[in-house]
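Below, read A as the first sequence line, B as the second, and so on, with proteins coming before strands; counting in each chain starts at 1.
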There are 2 protein chains.
Amino acid sequence: MATVAILGAGYMGSALTFPLADNGTRVHLWGTWLDDTIIDASREREHPKLKRRLPGDVRLFYSGELAQAIGEADVIVVAVTSEGFLPVFQRFLEEAPKPFPLITVTKGFVLYGGSVVRISEAAAALFRRKFPTAKFQWISVGGPVKAVELSQLVPSATIFALNSSSVHEITDLFHTGYYRVQTTDDITGVELSSAFKNIYSIALGIHDGLYGAIKDRIFHNLKSLLFNQSVREMALIVEAAGGRGETVFDLAGIGDLYVTSSSGRNRRLGDLIGQGFTAQEAYEHMCREGEIAEGYHTLDLGVSYLEKCDGELLRKLPLLRMLHWIIIEGRNCKEGIDAFLKTYMII
Amino acid sequence: MATVAILGAGYMGSALTFPLADNGTRVHLWGTWLDDTIIDASREREHPKLKRRLPGDVRLFYSGELAQAIGEADVIVVAVTSEGFLPVFQRFLEEAPKPFPLITVTKGFVLYGGSVVRISEAAAALFRRKFPTAKFQWISVGGPVKAVELSQLVPSATIFALNSSSVHEITDLFHTGYYRVQTTDDITGVELSSAFKNIYSIALGIHDGLYGAIKDRIFHNLKSLLFNQSVREMALIVEAAGGRGETVFDLAGIGDLYVTSSSGRNRRLGDLIGQGFTAQEAYEHMCREGEIAEGYHTLDLGVSYLEKCDGELLRKLPLLRMLHWIIIEGRNCKEGIDAFLKTYMII
């Protein structure tokens, strides 16, 4: 029987305990230094974010118990935000007694060695510093899965990008009758789709805020045009970075953009911006409610990442330029949409 | 200055008068024998479906005035339902004084010569019988455009599939600052995407009816899984029929499925089925309200069409099989979704 240690007791880390436990896998859930109250609550009653008791056989660990949490593990899952990734991963490596296979559900970019890189690139570099001769075994998780629904066993489909066929059997620990695990070797495609769908979901939220909240209208033609353009730009991005367009046209791209733009935190960030808040006000307002809209920081880092890949790329991405203009440069969002449409309408 | 005659004064035929008139094109709008009251109302006041006055310079023609409507035209647009296509097109050909370039917004299949064929295939055969030596010039229109919103000048993006570069200049008559006309030569891809997105939208509606209407819940993970699977099956269908997957991953497929599954008549048909009506009850209920959910008949014809293309194809399309099972065979829809998921969850 395998043991999986999950680092991070937020939404997704905790939700993954359900399929794992249902498969009879031993699960250790470790809370970071921000999660001690979550661990407290989850021991006594329900998980405070998922509003559900975790499976009874999951072992819970406080932030000070990292060594015990990972000691007997066969596989490590990193399930923190992109901002938390480096501190948590470095702390984990300090304690790691051996080179574990690694899975992450973290989406986005990190600043590493003075440069913006994908999560897997930073992880590989750090791993090799600690275990210079060991094989780096890695899975990036993508696809349209809201954690709360997964914890309620709603049928869900995910995609695991594996860097080696040697980690394929790990996917069996997760796959259940309600959690379908598809696999691919396109790590670049899955990571970039997962990061950029958070960014593009803000655009769909801006539409909702501009027209839905104020005028009580949805402009379906405009919204579908924005959805379609988001997918198209994500495909250009992934291909420019060496991934495959087909990854975007499946669960990691289309599927995840669909769910994130229907209901996620990034959609809400856009909605608030569309209603007239500046991006910074909207982001901080949500932070005060304990909701981190990751697309906000991912946008800035993502654009830097793209400029490194291909200096000409941004020119082909008018919707991303619009988001940068509104969110990073703080310009008026109605003017931003108008400027985007002016470019878009001329083919 | 060009003259465009539009056959059919329903939603889309009438909405197209706006971009055409804004471009200074002369527009003749001919109502079929079902549209005489629409023509009456539109002359006096607003168009009864669009709830808006048509542009003042559009000339309106009753069903008995077909010859006058098309006499001076340079281009003909056929804008009727798939069920109305053959009778209207045959009637038009009887009156046609010359081999016009043709555009259609009709989506779906027709029975022609004892076989289920795409609209363009039937049109080509009929055209050649009347004009054996003339060039068949054809455009199939697809993409996410709701007619009511187009008539309100909401920014919209469409895709015109051309069978010859000689019709390219016709697209300029339509393209405006709010109606973007992208072009492709993949007629098969656009026609099949346009037909099948009506079918797959029923599946998303069934989700809404089953969980939204009854339990006041949306299962986002399940809904995005269904959306993603719809796109994937549409790509398999288009490729099996000789079209290109990239057409599905753009406006004609993803874009149109997004808008149709958010708000269209086919989504509503599915919603009613999810709430417990049989497919036939739901279809007839909507017909009594004057709303034709085209996906209902398209499903039956579409499956016949696919069996002709590739006898093994349906085996690879579990979501289409589920729809056939529920809608054509009249089986229970909860059992249908469960059976689909059972297949889907095993990769």
Exercise for review: Please examine the side chains of B:F249 and A:V231, heavy atoms only from C-beta on, and report whether any two atoms are closer than 4.5 Å.
Suggested key: no

Check your understanding: Where on B:V181 is there a heavy atom nearer than 4.5 Å to chain A: the side chain, the backbone, both, or neither?
Key -> backbone

Check your understanding: Checking B:Y178 against chain A: side chain, backbone, both or neither under 4.5 Å from a heavy atom?
Key -> backbone

Point to revise | Short side-chain to backbone donor-acceptor contact, A:N221 and B:P155, under 3.5 Å | key: no

Point to revise | pair A:R232-B:L251: side-chain heavy atoms closer than 4.5 Å | key: yes

**Study point:** Distance in Å, A:K223 NZ paired with B:S263 OG, rounded so as to fall on 0.5 Å steps
**Key:** 10.5 Å

Study note, to complete from the structure: Whatever's closer than 4.5 Å to a heavy atom in chain A on B:K342 counts as neither

**Study point:** Sidechain-backbone polar pair: B:R180 side chain, A:I346 backbone, donor-acceptor under 3.5 Å
**Key:** no

Review point. Can you say whether B:Q152 sits under 4.5 Å from chain A via the side chain, the backbone, both, or neither, judging by heavy atoms?
Key: side chain

Check your understanding: Should the ring pair B:F227 and A:Y258 be called parallel, tilted or perpendicular, given that the plane angle runs from 0 to 90° and is split at 30 and 60?
Key -> parallel

Exercise for review: Under 4.5 Å, counting heavy-atom pairs only, tell me which of A:D250, A:I254, A:L341, A:L225 racks up the most with chain B.
Suggested key: A:D250

Point to revise | Distance (rounded to the nearest 0.5 Å) between B:K146 NZ and A:F219 CZ | key: 13.5 Å

Point to revise | Any donor-acceptor pair under 3.5 Å from B:H220 side chain to A:V145 backbone | key: no

Check your understanding: Do you know which of A:L222, A:L226, A:D256 has the most heavy-atom pairs with chain B at a distance under 4.5 angstrom?
Key -> A:L222

Check your understanding: Which atom pair, heavy atoms only, marks the closest approach of B:G255 to A:N228?
Key -> N-OD1, 3.4 Å

